[in-house]
Amino acid sequence: MKNKEVADILSKVAALLEIKGDNPYRIRAYQRAAQVIESLSQDVEVLAQENKLEKLPGIGADLAGKIKEILQTGTLKLYEELKSEIPPVLLTFLEIPGLGPKKVKVLYEKLNILSLDELEKACKEHRLAKLPGFGIKTEENILKGIKLFKEKRGRRPLGEILPIAEEIVQTLKNISPVEQIAIAGSIRRRKETVKDIDVLITSQKPEQVMKKVTELPLVEEVIAFGETKTSVRLKIGVQMDIRVVAPDSWGAALAYFTGSKAHNIRIRELALEKGLKINEYGVYKGETKIAGKTEEEIYQVLGLPFIPPELREDRGEIEAALEGRLPKLVEYQEIKGDGHVHSKYSDGTASLPEIVQKAEAMGLEWVIVCDHSQGLKVAGGIPVEDLFKKKREIEEINKRSKKVKLIFGAEVDILSDGSLDYPDEVLKEIDFVIAAIHTGFQQSEEIITQRIISALKHPLVHAIAHPTGRVIGEREPYAINLLKVIEVAAQYQKALEINAYYKRLDLNDVNVRAAIEKGVPVIIGTDAHFIDQMDYIHLGTATARRGWCEKRHVLNTLSYSELISWLKRLRP
DNA sequence: GCCGTTTTCGGCCCGACTGTTTTCAGTCG
């Protein structure tokens, strides 16, 4: 899949055009095309071969041609030309908070600044303040921006920020006069990584709320302070935006601040076609406000059903809503089990009774206890003789435990030649075999893909764990042809995991969608090594929802007995 | 650059806050 590479070039073209000062709508067209290609669940190369690129929203004859050019030549003439006109190093300047395309252009043209160091030096020598539109404050802000840029860790995993955001909401509820309060933005959409925390509030006394916000102990710096909008930087290095609106604008504001930006733009265009205007305060027909109190209302006046936040990425959800084929997403409370938990038998820290207790507290019916296989010594892989001790303990526990059943599973290593880390006569005794790659990450795409495919074809394997091996912010996926893997999984009706650990979320949303479109069942597993990590199940469910999963696609919605029958197909 | 049961040309989402300005451009979400 070259989707990422194509999207990357298109988005760089957009940024270069911005600095050049080109037509903003042309820029938007490139940005949108980049986004459409990146979130595609199909292979852009296949679409190009079938001449279907122009069917994609926002892609016309010209962009289709440009995409083909990238696929054929690896680059784009326009891109190369722009790079010779505008030094690409300026693109990194755009990442500095406070610097946009206009100012970057001036810096380049008037001062010929071509590196971060030069920029820093020019600020300190007050050479910027003399430029039109610049001043002393601008220099200070750019210096601050450079510092933040240098120490920034980029987007942060949702699982890290969500609990903090929820705690802030709870605190604000307690200490300030808020009526309604909710987290919006990418956190509400449950995007796997987030850049900032958006909080929406209704209150009779906005100024008091805003004051309390700036006084929170977590706040490091106030970036902007207004009655309706306040921005602060938290000590953990994340920005938080707080918006206060009137109660009758709650729905409009919630929709607006939940985004995504691309979704909002489409929604507003749709409104314009109907002679309506939407902003964060409501939907207007001329001067008259006709909706705004609830989100449902907003969608309703546009003739649309409610679109769940997890779908709001302009990945076809608006078209689906218009045509009445929006998926009925799997619900968080429909999840009946956890497909992947480690115990003390390998490198987990929880005993089997502790797992049962936790599952019961969470309202789950079943947990598959998958420990590592014998070869993975660093992770305490279980030697064959101990496996049966674990099996007996599970049987004992299941006799006593009425509400929660444990399932005897194993996360079995796929060795570098594609064979499995237990012999068949052992695998046969294990009720759930999930195979995974933990070694040989550097192998070629062909070899890794083949390893996984041979595991999928193995008659005793039920599923593949964390299929791409990526770790968010730490490790890129290994080279893998996931589309081939999906095809084989579909053919053999084997499951692919949505690993719910907050740094994995693997498969990710786009890949989940690609899998279920081919008829591959998915199974959510937390990969918990500590008992509380079982709570990450909700992140896996969020990923399933972002991947357009309905209940029928997700094995975790099966009851214990239904799951056992699904597993037994391979254990006659 | 895209797009069309008001258009194949002339539109294209909308507003808050800051800083440099005396009325607004730039940035951001």
Side-chain angles (χ1 to χ4, degrees), chain A residues 10 13-14 17-19 21-34 36 53-67 76 78 93-107 128-142 144-145 184-189 194-200 206 210 222-233 239-245 249 252-253 255-284 298 302 314:
Chain A
L10 293 176
V13 167
L17 288 172
E18 255 192 313
I19 297 176
D22 209 278
N23 176 358
Y25 299 105
R26 186 180 179 214
I27 294 166
R28 211 178 90 185
Y30 277 92
Q31 284 169 340
R32 176 148 194 241
V36 165
L53 288 173
E54 284 184 58
K55 287 204 163 69
L56 296 173
I59 310 251
D62 183 89
L63 274 168
K66 295 218 163 72
I67 292 168
L76 192 64
L78 171 65
F93 288 8
L94 289 179
E95 317 236 339
I96 296 168
L99 268 187
K102 299 281 161 48
K103 286 204 159 67
V104 167
K105 187 180 188 204
V106 174
L107 289 176
L128 265 59
K130 299 185 187 88
L131 299 171
F134 287 71
I136 295 291
K137 268 287 202 189
T138 321
E139 286 179 334
E140 282 172 21
N141 283 338
I142 291 176
K144 223 187 275 178
S186 52
I187 300 182
R188 181 160 181 251
R189 301 200 310 279
V194 300
K195 195 161 68 80
D196 51 21
I197 300 173
D198 293 296
V199 179
L200 182 68
M210 290 310 196
V222 179
I223 302 167
F225 187 82
E227 266 204 13
T228 61
K229 177 182 173 182
T230 288
S231 295
V232 296
R233 182 154 22 250
Q239 183 171 329
M240 177 166 75
D241 298 324
I242 308 276
R243 302 289 303 238
V244 179
V245 297
S249 292
Y256 176 56
F257 293 117
T258 297
S260 65
K261 189 173 172 174
H263 177 88
N264 284 348
I265 289 177
R266 297 294 313 286
I267 288 291
R268 288 178 182 203
E269 283 171 353
L270 209 61
L272 277 181
E273 284 169 28
K274 293 182 183 292
L276 303 172
K277 192 183 89 156
I278 299 188
N279 58 26
E280 57 258 59
Y281 302 109
V283 183
Y284 298 85
I298 309 288
L302 295 176
D314 190 20

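Values below: every heavy atom of this structure, side chains too, minus hydrogens, waters and symmetry copies. Letters A, B, ... mirror the listed sequences (proteins, then strands); counts begin at 1.
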Using a cut-off of less than 4.0 Å, is there contact between a side-chain N or O of [X] and OP1 or OP2 of [N]?
X	N	value
A:S231	B:dC28	no
A:K195	B:dG29	yes
A:Y25	B:dG1	no
A:N264	B:dC14	no
A:R26	B:dG1	yes
A:N279	B:dG15	yes
A:K277	B:dG15	yes
A:Y284	B:dC14	no

Contact class for [X] vs. all strands (heavy atom < 4.0 Å): base, sugar-phosphate, or nothing?
X	answer
A:E140	nothing
A:K137	sugar-phosphate
A:R266	nothing
A:K105	nothing
A:F134	sugar-phosphate
A:G259	nothing
A:D62	sugar-phosphate
A:P97	sugar-phosphate

Can you tell me how far [atom1] in [N] sits from the matching atom in [M], rounded to whole Å?
N	M	atom1	answer
B:dT18	B:dC12	P	28 Å
B:dT6	B:dT23	C1'	36 Å
B:dG19	B:dC13	P	28 Å
B:dA25	B:dT20	C1'	9 Å
B:dC2	B:dT8	C1'	12 Å
B:dT27	B:dT21	C1'	16 Å

Side-chain H-bond candidate by donor/acceptor type, A:Q239 with A:D241, under 3.5 Å:
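Their side chains do contain a donor-acceptor pair, which is all the 3.5 Å distance test asks for.
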For the pair [X] (side chain) and [Y] (backbone), establish whether a donor and an acceptor sit closer than 3.5 Å, ignoring hydrogens and angles.
X	Y	value
A:N141	A:K144	no
A:S249	A:V245	no
A:E18	A:P101	no

[X] side chain, from C-beta outward: closest of [options]:
X	options	answer
A:K103	B:dC17, B:dT27, B:dT20	B:dT27
A:Y256	B:dC14, B:dT27, B:dG1	B:dC14
A:R28	B:dC13, B:dT27, B:dG19	B:dC13

Starting from [atom2] on [N], measure out to [atom1] on [X] and report it in whole angstrom.
X	N	atom1	atom2	value
A:L272	B:dC13	CG	P	7 Å
A:N141	B:dC17	CG	P	17 Å
A:I267	B:dC12	CD1	P	18 Å
A:R233	B:dC28	CZ	P	12 Å
A:E269	B:dG4	CD	P	11 Å
A:I27	B:dC2	CD1	P	14 Å
A:L63	B:dC3	CG	P	9 Å
A:K274	B:dC13	NZ	C1'	17 Å

Taking syn as any angle within 90 degrees of 0 and anti as the rest, which one fits B:dT7?
syn
Could you check whether A:K277 pairs with A:E269 (Lys NZ or Arg NE/NH1/NH2 to Asp/Glu carboxylate O, under 4.0 Å)?
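A salt bridge is absent here (no side-chain N lies under 4.0 Å from a carboxylate O).
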In plain terms, say whether A:D314 and A:R32 are close enough for a salt bridge, that is, a side-chain N and a carboxylate O under 4.0 Å apart.
yes
Counterpart base for B:dT8, defined by Watson-Crick or G-U wobble contacts under 3.5 Å:
none
Which heavy atom of A:T258 sits nearest to which heavy atom of A:A184, and what is that distance?
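Minimum heavy-atom separation between A:T258 and A:A184: OG1-CB, 3.8 Å.
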Reading DNA chain B from 5' onward, which residue's closest nucleotide shows up sooner: A:I136 or A:E280?
A:E280
Whichever of A:G98 and A:A64 has the more 5' nearest nucleotide on DNA chain B, that residue is A:A64
Is it the case that the base of B:dG1 and the side chain of A:N23 share a donor-acceptor contact (distance under 3.5 Å, atom types as modelled)?
yes
Supply the atom-to-atom distance A:D196 CG to A:R233 CZ, rounded to the nearest 0.5 angstrom.
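Nearest 0.5 Å value for the CG-CZ distance: 11.0 Å.
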